[in-house]
Amino acid sequence: MATKKLLTVDELLAMSEDDYMNERQLAFFRDRLQKMEAELRANAEETTVNLRETTMVPDPADRATIEEEHALELRTRDRERKLLKKVQAAIVRIDNDEYGYCEETGDPIGVSRLLARPTATLSLEAQQRRELKQKMYGD
């Protein structure tokens, strides 16, 4: 079985609306999401290794610097952990033929928005409405 070449971004953007979330577009986004997932997992592994290799230093200023660097790295990994969950959920949506469609309205999210944010679950309009409500009523 010959594998089809993945679309390029330009080819993806040049496709008609009738091709929205066809097999080739889904393959493009699956590949993009799987690469993101692999990168996030590699970063997490690297952090684990870095934290294990830490040596104690006698100078309090150096120790404080190292602790601050670790705290920053852990905050970054926490954000990436949350992103990893979104990436995995997006892959599941591809498997369930739900990817690319707004979870509130069912409308297409749009290729351009998905290129910018492959984990998007809302159309731009629905996202703007949600942000406006949050601004008006708070979280």
Side-chain angles (χ1 to χ4, degrees):
M1 181 173 109
T3 57
K4 291 182 182 176
K5 184 177 139 297
L6 286 177
L7 294 169
T8 65
V9 172
D10 289 338
E11 290 171 334
L12 182 68
L13 290 170
M15 294 178 90
S16 78
E17 288 182 22
D18 294 337
D19 293 322
Y20 189 69
M21 290 303 116
N22 67 14
E23 187 180 316
R24 293 190 71 205
Q25 287 188 357
L26 289 172
F28 173 90
F29 285 109
R30 178 187 300 279
D31 180 67
R32 183 166 273 206
L33 288 160
Q34 287 173 334
K35 286 177 181 171
M36 286 175 71
E37 181 181 27
E39 183 179 333
L40 292 168
R41 287 183 185 279
N43 289 348
E45 182 63 31
E46 187 178 315
T47 295
T48 303
V49 169
N50 288 345
L51 293 176
R52 284 189 183 141
E53 290 178 353
T54 301
T55 57
M56 291 305 293
V57 292
D59 181 40
D62 289 342
R63 195 166 45 247
T65 300
I66 289 170
E67 287 174 10
E68 185 59 34
E69 287 171 353
H70 285 172
L72 177 62
E73 191 168 357
L74 288 171
R75 282 193 303 271
T76 301
R77 292 306 155 249
D78 187 52
R79 281 193 304 273
E80 288 185 351
R81 179 185 54 80
K82 291 172 185 170
L83 178 58
L84 179 60
K85 287 181 180 182
K86 290 179 180 183
V87 167
Q88 292 168 332
I91 292 170
V92 168
R93 285 195 308 279
I94 289 174
D95 293 340
N96 296 336
D97 291 325
E98 298 168 356
Y99 185 78
Y101 295 92
C102 180
E103 65 183 15
E104 281 187 8
T105 65
D107 294 335
I109 291 173
V111 170
S112 296
R113 178 157 166 73
L114 290 170
L115 282 170
R117 185 177 297 267
T119 59
T121 59
L122 298 172
S123 66
L124 188 56
E125 295 78 18
Q127 182 68 37
Q128 288 170 336
R129 279 194 306 275
R130 182 175 283 186
E131 288 171 4
L132 184 61
K133 281 182 190 173
Q134 285 175 342
K135 194 180 214 180
M136 289 172 56
Y137 304 112
D139 294 328

Look at [X] together with [Y] and state whether they make a salt bridge at an N to O cut-off of under 4.0 Å.
| X | Y | value |
| --- | --- | --- |
| Glu104 | Arg130 | yes |
| Lys35 | Glu39 | no |
| Arg81 | Asp78 | yes |

I'd like to check the ring-ring contact (aromatic ring centres under 6.0 Å, His included) partners of Phe29; sequence neighbours left out, ordered by chain and number. Tyr99

Contact summary for [X] and [Y], nearest pair of heavy atoms:
| X | Y | result |
| --- | --- | --- |
| Pro118 | Leu33 | CB-CD2, 3.7 Å |
| Ser112 | Leu13 | OG-CD2, 3.9 Å |
| Cys102 | Ala126 | SG-CB, 3.7 Å |
| Ile109 | Ser123 | CG1-N, 4.0 Å |

Transitive ILVMFWY side-chain link [X] to [Y], under 4.5 Å:
| X | Y | value |
| --- | --- | --- |
| Val9 | Met36 | yes |
| Leu6 | Val87 | no |
| Leu12 | Leu124 | no |
| Leu26 | Val92 | no |
| Ile94 | Leu122 | no |

Would Glu37 and Arg41 count as a salt bridge (charged side-chain N to carboxylate O under 4.0 Å, His left out) if you check the C-alpha gap in whole Å, the side-chain angles of each, and the deciding distance to 0.1 Å? CA-CA 6 Å; Glu37 181 181 27; Arg41 287 183 185 279; 3.3 Å; yes

Taking only distance into account, with no hydrogens and no angle test, what donor-acceptor pairs under 3.5 Å do side-chain atoms of residues 57-64 form with protein atoms, sequence neighbours excluded?
{"unit_1": "Asp59", "atom_1": "OD2", "unit_2": "Asp62", "atom_2": "N", "d": "3.3"}
{"unit_1": "Arg63", "atom_1": "NH1", "unit_2": "Val57", "atom_2": "O", "d": "2.7"}
{"unit_1": "Arg63", "atom_1": "NH1", "unit_2": "Pro58", "atom_2": "O", "d": "3.4"}

Would you compute the distance between atom [atom1] of [X] and atom [atom2] of [Y] and round it to the nearest 0.5 angstrom?
| X | Y | atom1 | atom2 | result |
| --- | --- | --- | --- | --- |
| Met21 | Met15 | CE | CE | 9.5 Å |
| Asp19 | Leu7 | CG | CG | 9.5 Å |
| Lys133 | Met136 | NZ | CE | 9.5 Å |
| Asn22 | Gln25 | CG | CD | 4.5 Å |
| Leu132 | Arg129 | CG | CZ | 10.0 Å |
| Leu40 | Lys85 | CG | NZ | 13.0 Å |

Between Glu11 and Lys5, does a side chain to side chain contact (heavy atoms under 4.5 Å, CB included) hold up when you go through it step by step? CA-CA 11 Å; Glu11 290 171 334; Lys5 184 177 139 297; 4.0 Å; yes

Please walk me through it: do Leu115 and Phe28 pass side chain to side chain contact (heavy atoms under 4.5 Å, CB included)? CA-CA 10 Å; Leu115 282 170; Phe28 173 90; 3.5 Å; yes

Applying side chain to side chain contact (heavy atoms under 4.5 Å, CB included), run through Thr76 and Glu73 and close with a yes or a no. CA-CA 5 Å; Thr76 301; Glu73 191 168 357; 5.6 Å; no

Would you say Tyr20's side chain and Val111's backbone share a donor-acceptor pair under 3.5 angstrom? no

Go through Thr121 and Arg93 one step at a time and tell me if the side chain to side chain contact (heavy atoms under 4.5 Å, CB included) criterion holds. CA-CA 10 Å; Thr121 59; Arg93 285 195 308 279; 3.4 Å; yes

